[in-house]
Amino acid sequence: MNKPRIVILGAGYGGLTTAVQLQKKLNVNAAHITLVNKHDYHYETTWLHETAAGTLHHDRSRFDIKDILNSSKVNFVKDTVTAIKPDEKKVELAGSTIEYDYLVIALGFEPATFGIPGIEEHAFKIGSINQARLIREHIEHQFAKYNNDPEQARLNIVVGGGGFTGIEFLGEIANRVKELCEEFDVDRSKVRLINVEAMETIMPGFDPELVDYAMKSLGSRGVEFKLGAFLKEVRKDGITIEQNGEKEDIPAMTTIWSAGVRANSLVEQSGLEHNRGKVEVTPELRAPSHEDIFVVGDCALIWNKAIDRPYPPTAQIAMQEAEVCAHNLAALIKGGELEQFQYVDRGTVCSLGEKDAMGSIFGGKKIYGWFASVMKKVVDNRALYKIGGVGLVLKKGKFNIF
Ligand SMILES: Cc1cc2nc3c(=O)[nH]c(=O)nc-3n(C[C@H](O)[C@H](O)[C@H](O)COP(=O)(O)OP(=O)(O)OC[C@H]3O[C@@H](n4cnc5c(N)ncnc54)[C@H](O)[C@@H]3O)c2cc1C
């Protein structure tokens with residue numbers, strides 16, 4: 001009998017966890033498993049704000065996918081997915097076509113620009129190692145150029161969006177600026193770090209005390225908040241915002257857009273039923289009307305009935321979904337009951353820089369400051385452990401707690 005072909009698209013939190021779990025659950029003869037990813041490395045997406053600010057080298061945030069996989073059980077293909085064809089049960093890659101019996105879509109997110117002029121062309125995004133590396137190099141270049149060509153726009157860094165990614169980046173860059181100023185002989189008081197957020201608060205959905213703590217911490221390190229302010233346009237050398245009906249132009253050669261993400265657009269293009277670009281999956285994590293397709297991570301949408309809103313796109317959810325997805329695939333192949341996805345909230349911690357953070361753990365206990373920053377490292381190390389065990393934690397883990 002032919003072995004069923006399982007194809008997993010994307011080796012981020014969702015896809016790589018699915019592959020790792022499947023190689024534990026299935027023996028060599030049970031299935032032919034292929035993992036496709038556009039790079040031969042996995043990156044810790046949740047660490048990219050550090051790479052972008054230059055506080056963590058990009059090689060610390062990534063590792064070779066092949067080091068994690070058992071090559072006798074999972075075949076890794078480094079290629080870019082260009083189209084998913086559910087009705088033909090195949091996936092087109094830049095270099096070939098691949099057929100499947102079961103497909104797992106785990107292609108992650110893309111920035112959502114909401115049609116704001118200039119974001120596509122002029123704003124940086126924190127979405128991959130290469131984008132993060134470009135941001136670091138660009139900021140360093142602006143500091144290096146300032147004393148040769150002293151334009152204020154070089155020292156103004158705008159972050160569009162006061163959600164998780166934007167706030168975590170501000171925490172890192174607020175620390176890094178001190179070092180950049182020393183290295184390039186720039187007066188710290190000349191540097192502006194500006195957060196533009198359309199809502200009246202940063203970190204919407206977070207407890208107001210935690211939000212207040214984050215604003216005070218970042219404010220004390222020079223971050224200016226423009227709340228209730230709409231980004232109207234991004235240019236190469238500046239932005240326009242509208243706040244309280246008034247327009248303001250701010251010169252800035254660095255604008256980072258972190259205010260919105262959407263699912264990888266290949267999902268929408270595939271013709272699968274979708275809800276604003278994401279597949280609203282069944283409790284078993286399958287695409288409706290395509291029982292052979294599982295969707296996990298930022299490409300999947302699951303409704304949180306308790307608050308009548310979808311669960312937010314997080315690594316924590318992607319990894320939990322991947323475990324259920326792998327269980328269900330193994331059950332379909334070996335026989336057994338399918339599981340339904342139940343989210344377990346293990347808390348959320350938002351980093352505010354190397355030694356500061358805030359969040360809630362253990363069912364809502366609020367944590368702040370150094371202790372929260374230690375917990376954030378525990379969360380980061382746990383994600384490594386789930387994918388690559390103790391060996392990966394020892395190789396890439398974060399232990400600098402003092
Ligand atoms: C800076 C930042 C900080 C964050 N902090 C947190 C946090 O603290 N906690 C938390 O829970 N979540 C956090 N998130 C969100 C979290 O990173 C995402 O929800 C999570 O990465 C989603 O996992 P995923 O597997 O769906 O996608 P990803 O982990 O993004 O993986 C997608 C994979 O698909 C690959 N890929 C994409 N397109 C193609 C293609 N066409 N062909 C082949 N391969 C492709 C990519 O290279 C990548 O390897 C953060 C996000 C960012 C950007």
Side-chain angles (χ1 to χ4, degrees), residues 5-26 28 31-82 91 93-96 98 103-109 126-137 264 266 296-299 315-316 318-319 321-323 325-326 329 377-400:
R5 295 159 303 177
I6 302 173
V7 174
I8 304 165
L9 306 180
Y13 293 102
L16 192 54
T17 306
T18 305
V20 166
Q21 289 294 318
L22 279 175
Q23 71 185 11
K24 287 185 189 153
K25 291 177 194 296
L26 294 177
V28 182
H32 188 275
I33 306 168
T34 304
L35 173 65
V36 182
N37 195 63
K38 65 161 93 155
H39 311 287
D40 51 12
Y41 55 83
H42 161 96
Y43 48 81
E44 293 293 303
T45 311
T46 60
W47 303 10
L48 288 178
H49 56 284
E50 296 170 69
T51 300
T55 50
L56 187 73
H57 191 271
H58 53 267
D59 282 335
R60 285 287 316 283
S61 317
R62 66 175 172 178
F63 51 84
D64 283 349
I65 291 168
K66 283 194 169 163
D67 289 351
I68 302 301
L69 298 178
N70 175 344
S71 60
S72 64
K73 290 190 174 178
V74 182
N75 172 37
F76 174 66
V77 175
K78 181 188 169 203
D79 208 339
T80 300
V81 178
T82 54
V91 176
L93 311 179
S96 63
I98 188 163
L103 183 68
V104 179
I105 302 177
L107 289 167
F109 64 93
I126 311 178
S128 67
I129 285 279
N130 289 328
Q131 290 173 348
R133 201 158 34 184
L134 182 64
I135 294 170
R136 188 199 70 212
E137 293 277 343
N264 192 310
L266 289 167
V296 298
D298 288 3
C299 294
Q316 188 182 162
M319 292 178 82
E321 288 170 349
E323 293 194 10
C325 170
L329 279 165
K377 290 180 177 98
V378 171
V379 171
D380 288 348
N381 291 342
R382 185 175 182 276
L384 291 176
Y385 177 74
K386 295 288 273 180
I387 287 178
V390 177
L392 187 61
V393 178
L394 293 175
K395 211 164 153 190
K396 297 284 172 178
K398 294 180 177 171
F399 302 105
N400 49 332

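The structure displayed is predicted, hence computed values, not measured ones.
- The two atoms that bring V28 and S72 nearest to each other are CG1-O, 3.6 Å, heavy atoms only.
- Nearest approach of T51 to S61, heavy atoms of both residues: OG1-OG, 2.8 Å.
- Side-chain atoms of H42 never come within 3.5 Å of backbone atoms of I65 as a donor-acceptor pair (strictly under, hydrogens ignored).
- In this structure, M319 CE and K386 NZ are separated by 7.0 Å, a value rounded to the nearest 0.5 Å.
- Distance check: Q21 CD to E323 CD gives 4.5 Å after rounding to the nearest 0.5 Å.
- Across T18, L26, L103, a single residue satisfies side-chain contact (heavy atoms from CB on, under 4.5 Å) together with I6, and that is L26.
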Apply side-chain contact (heavy atoms from CB on, under 4.5 Å) to residues L266 and L9 and explain how you reach the verdict. CA-CA 11 Å; L266 289 167; L9 306 180; over 6 Å; no
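- Tested against E50 for a side-chain hydrogen bond (donor to acceptor under 3.5 Å, both in side chains), the candidates H57, K398, R136 yield a single pass: K398.
- Counting only distance, with no hydrogens or angles, the side chain of D79 and the backbone of G95 share a donor-acceptor pair below 3.5 Å.
- Side-chain N or O atoms of R60 include one that pairs as donor or acceptor with a backbone N or O of G397 at under 3.5 Å.
- Atoms OH and CG, on Y43 and L16 in that order, are 12.0 Å from each other to the nearest 0.5 Å.
- K395 is listed as a side-chain neighbour of D67, based on a closest heavy-atom distance under 4.5 Å.
- For D64 (side chain) and K66 (main-chain N/O), no donor-acceptor pair under 3.5 Å exists by modelled atom type.
- With hydrogens and angles disregarded, a donor-acceptor distance shorter than 3.5 Å links the side chain of Y13 to the backbone of T45.
- Separating the NZ atom in K24 from the CG atom in N70 is a distance of 11.5 Å, to the nearest 0.5 Å.
- H39 NE2: more than 12 foreign heavy atoms inside a 6.0 Å radius.
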Could you go through V390 and Y385, starting from their C-alpha distance and side-chain angles, then the distance that decides it, and tell me whether this counts as side-chain contact (heavy atoms from CB on, under 4.5 Å)? CA-CA 6 Å; V390 177; Y385 177 74; 3.8 Å; yes
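- Here the side chain of E321 pairs a donor or acceptor atom with the backbone of G297 at under 3.5 angstrom.
- Closest non-hydrogen pair, G14 versus A322, comes out as O-CB, 3.2 Å.
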Give the C-alpha distance, both sets of side-chain angles, the deciding distance and a yes or no for side-chain contact (heavy atoms from CB on, under 4.5 Å) between V36 and V81. CA-CA 8 Å; V36 182; V81 178; 4.2 Å; yes
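- With hydrogens and angles disregarded, no donor-acceptor distance shorter than 3.5 Å links the side chain of E44 to the backbone of L384.
- Of all heavy-atom pairs between D298 and G108, the closest is CB-C, 3.9 Å.
- Separating the CD atom in Q23 from the CD1 atom in I68 is a distance of 9.0 Å, to the nearest 0.5 Å.
- Here the straight-line distance linking atom CG of D380 with atom CG of L56 works out to 9.5 Å at 0.5 Å rounding.
- Of the possible donor and acceptor atoms, none in the side chain of K78 sits under 3.5 Å from a partner among the backbone N and O of D40.
- Under the 6.0 Å distance and 45° angle rule, K396 does not count as a cation-pi partner of W47.
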